[in-house]
Structures are given as C-alpha cells and as structure tokens.
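Below: the structure, in structure tokens.
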Amino acid sequence: MTVSFSIIKEDARTGARAGVLHTLRGDVETPVFMPVGTQATVKTMTPREVWDLGGRLILSNTYHLYLRPGANLIREAGGLHRFMGWTGPILTDSGGFQVFSLASLRRIEEEGVWFRSHIDGSEHFFSPEKAMAVQEALGSDIAMAFDQCAPYPCTYEEAREAMERTSRWALRCKEARRREDQALFGIVQGGVHRDLREKSAKDLVELDFPGYGIGGLSVGEPKDIMYQVLDYTVPLLPREKPRYLMGVGSPDCLLEGVARGVDMFDCVLPTRIARNGTVFTREGKLVVRNAEYARDFRPLDPECNCYTCRHFTRAYIRHLIKANEVLGIRLTTVHNLHFVFELMRNIRRAILEGNFLEYKVAFLAHWNKN
Ligand SMILES: CNc1nc2c(CCNCc3ccccc3)c3nc(N)[nH]c(=O)c3cc2[nH]1
Ligand SMILES: [Zn+2]
C-alpha cells in the first residue's frame, strides 16, 4: 500500500478532523500545510531547516522540473528525494494548473496540451500519460492527476468542458500508472457550479483514488464563494480518504478549509510574501520593509518563539531587506513557515481537545483586527 489515511478524531461541531497520512517515507499528521518547493527547493531554506520548522510533506511541480532540469536528469540522480536531499514524502502537482497559468498556451485538445515554455519559449506537449511519466521519473510519493482547471470567471459551458475532460484524463492517468510505490490522487473540478462538482466527484470516486484534490478554487473567486463550493463539494468525497484543497492558503482560509473537512493544503503565500518583506503575525500581516519599523527593536511577532523572533528585531530585518542581504528573506521565511506550521499544530491540538471552534473564532478575531 503506498498511501493510506487514518482519522484520529472528528470534531463534533464542524467538519474538522485530525488524522494521519501514512506514506512509504513516513507518517504525516493532518491537517497539514505543504510548503511549496517549485524548483526542487523550498526557496531560501535547506531541507534540514524545513524539517526542523515542522515541514513533513513538501510539494514540487511537474511542469517546472520537466522544463528544468528535466525529468530524465532527476531520474538519473536517483529521483527527486535524493536530488534535493529531502527524505520525507513529496507530493507533485501534475502541471495541469501551471501549463494553463504559466505557459503561453498554444492549444488544448482531447489528447493533451501544446504549450510554450515560460523559460525559453520552446514548444512542448503534455498529456495525462506524459504527466504520469514525468511524476514517475521524479518518484514523488503522491502524484496528482493531469487536470484542466477552468479559469474564474468562466461560462458554465467552459466549466463543464474542463470538468468532463478532467474526468476522462483522470482515467487515462490511472491507466498510465507503472509504479507501485506512488499514489495517484484525482482532482475534482466543476468551477462554482454545484451540479458540475457533483458529477466530477462522482466520476472520480468511481475510479477509487486513495485521496482527492479539490481543484478549480483559489483562482480569483471571492473567499465566500470558495467556502460555499467547499460546503457542498467536501461531503461528496469519501469520509475515509484525505481531501487536498489545492493552492490554499492564507491563515483564515486554512481555518475555514479545516472547518469544512479539508485535510491537506499547499500555498506559495508564506514563502512568497516573505521574499518581499511581509510576515504573518497574530494581528494580521506586517510589512517589515516599511519605514515605520526602522527603529522598531521588537521581534516581528512578540508572541512568536521562532528562531527569527528569538534573536532579531524588526529594525534589523528591515535593514537586511533594504540592503538586499539574503539573510533578510531567509529570516522572514523562517518566521512565516514557523507561523503556518505552528497554526496547523494548534489547529490539530484544538480538534483533539474538542475546542477547534473556539480556537478558530479566537484566532480570526485577532487576525481580522486591522
Ligand atoms: C493558488 N491557487 C491555486 N493553485 C492551484 C493549483 C496549484 C497548486 N499548487 C501547486 C504548486 C506546486 C508547485 C509550485 C507552485 C504551486 C492547482 N493545481 C491543479 N493541478 N489543479 C487545480 O485545479 C489547481 C487549482 C489551484 N488554485
Ligand atoms: Zn517568529
């Protein structure tokens, strides 16, 4: 068995659950936030630092690694784990989303997608079979099906076509599998249309995947629309399988997603905003590069006990960032990753202790203060 899921505790008043994702490279406590390692690195962090902060399952990307350095090179290196020095489990996204969002799209056909590389403009073809071959060369523990994520907004017809193609491609991905040591998760599409989401979930559940991605969200729709779609989509998925809300999210979205029964999340936000000098605090975001912090000798977040907050001040970190010193964005990244991992630890503890709803209300009261 490659990946299995155990539910430890289900919250009595919300859809939240605390669980364990069992993988061949170790167990992962859920709800889990997966830091994004787009180009085989969680930017500015060593694998040891990601692990020490609490990272257990990281995300990488088929599209990026296929283009550079190439799937065959990574296969020759012994696979992605050895190539990047990460011994824990890795989940790879199929590239479906990146081809549609990053590459200059050429043509979508039933067979697959022609696109131009965002790196050098060279022309490439991706299909469900190709996406599976690349993910098997990378050797990730969890591969995502090659899907078509409809943009937001889009017409009902566009959402229906993308959803139906995603279902057909999910079957092709499942049939293209060769590795026994890699799990394949299907991805539910259907835009913001309940009937399309129901059909998508039905198609994918019939294929009996070990876990399910919820795609097509966090693509520009208002947050309350995303929450509404989750309200009716999560219950369509098997209770005993993990649900992965793709591309989400900020602390408030993590809490709202957990409350609706989501187990897995990934988002570039914590690491991306860190690189432009913005950090998470209990009271919301803080843009430490702003002039107001030039003589502020407090830690980024007085309530945080991360390495950055225990040793450095806002004034020092602001100076480093203004001076383009690499240490600056390393320190903000350490803090943001600690913040999100600590949030997920607190969420899981609250579910186990039966006070998740109180924790969520209290956290959001501070988070939305300004
Ligand atoms: C940000 N909002 C959002 N992200 C979505 C993604 C990508 C998730 N993040 C993967 C990643 C991997 C490495 C580097 C960077 C990102 C999706 N992926 C797929 N396959 N399908 C989706 O519908 C889909 C929808 C999304 N919405
Ligand atoms: Zn901190």
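Read the numbers this way: they start at 1 and go in the same order the structure lists the ligands and their atoms.
For ligand 1, none of its N or O atoms has an N or O atom of T38 under 3.5 Å away. Considering backbone and side-chain atoms together, S218 places an N or O closer than 3.5 Å to an N or O of ligand 1. No N or O atom of V36 sits closer than 3.5 Å to an N or O atom of ligand 1. On a distance-only criterion, D266 and ligand 1 share at least one N/O pair closer than 3.5 Å.
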(message) Between D208 and K241, does the salt bridge (charged side-chain N to carboxylate O under 4.0 Å, His left out) criterion hold? Intermediate values first, please.
(response) CA-CA 10 Å; D208 190 26; K241 300 280 180 71; 3.0 Å; yes

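Between D263 and R17 there is a salt bridge, since at least one side-chain N of the basic residue sits less than 4.0 Å from a carboxylate O of the acidic one. Salt-bridge check for K9 with E353: failed, with every basic side-chain N at 4.0 Å or more from each acidic carboxylate O. A salt bridge is absent between R177 and E136: the closest approach of a Lys/Arg side-chain nitrogen to an acidic carboxylate oxygen does not fall below 4.0 angstrom. With salt bridges taken as basic N to acidic carboxylate O contacts below 4.0 Å, none links E161 and R165.
Short contacts between ligand 1 and I187, defined as distances under 4.0 Å to a heavy atom of the residue, involve ligand atoms 20 (N). Annotation for ligand 1: atoms under 4.0 Å from non-hydrogen atoms of L59 are 10 (C), 11 (C), 12 (C), 13 (C). Of all the atoms in ligand 1, the ones that sit under 4.0 Å from a non-hydrogen atom of D147 are 19 (C), 20 (N), 21 (N), 22 (C), 23 (O). For ligand 1, the atoms sitting less than 4.0 Å from at least one non-hydrogen atom of C149 are 22 (C), 23 (O), numbered in the order shown with element in parentheses. The G215 neighbourhood of ligand 1 comprises atoms 22 (C), 23 (O), with distances under 4.0 Å to a heavy atom of that residue.
With a 4.0 Å cut-off on non-hydrogen atoms, Q189 touches ligand 1 through its side chain and not its backbone. If you look at L217 next to ligand 1, the close heavy atoms, those under 4.0 Å, all belong to the backbone.
Crowding of R168 atom CZ: a count of heavy atoms from other residues, nucleotides or ligands under 6.0 Å exceeding 12. For R310, the CZ atom is densely surrounded, since the number of other residues' heavy atoms within 6.0 Å is greater than 12.
The protein non-hydrogen atom at the shortest distance from atom 13 (C) of ligand 1 is N61 ND2, 3.3 Å. Counting protein heavy atoms only, atom 24 (C) of ligand 1 is closest to F97 CD1, 3.5 Å. For atom 7 (C) of ligand 1, the nearest non-hydrogen atom of the protein is D93 OD2, 3.3 Å.
Within the structure, the closest approach of Q98 to ligand 1 falls below 4.0 Å when heavy atoms are considered.
In this structure, W367 has its ring center under 6.0 Å from that of F280. The six-membered or imidazole ring of F115 lies near that of Y63, with a centre-to-centre distance under 6.0 Å.
Take T155 and apply the side chain to side chain donor-acceptor pair (under 3.5 Å) test, not counting sequence neighbours, and it matches E158. Partners of A362 under the side-chain contact (heavy atoms from CB on, under 4.5 Å) rule, at least two apart in sequence or in another chain, do not exist in this structure.
Taken to the nearest 0.5 Å, the CG atom of D266 stands 7.0 Å off from the CG atom of D93.
The aromatic rings of F209 and Y212 sit perpendicular to each other, their planes meeting at more than 60°, with 30° as the lower class boundary.
In this comparison of A131, G249, G216, G247, the heavy atom closest to atom 1 (C) of ligand 1 sits on G247.
Around the Zn ion (ligand 2), protein N, O or S atoms at a distance under 2.8 Å total 4; waters are neither shown nor counted.
If you chain together ILVMFWY residues whose side-chain heavy atoms come under 4.5 Å of each other, L352 ends up grouped with I8, V20.
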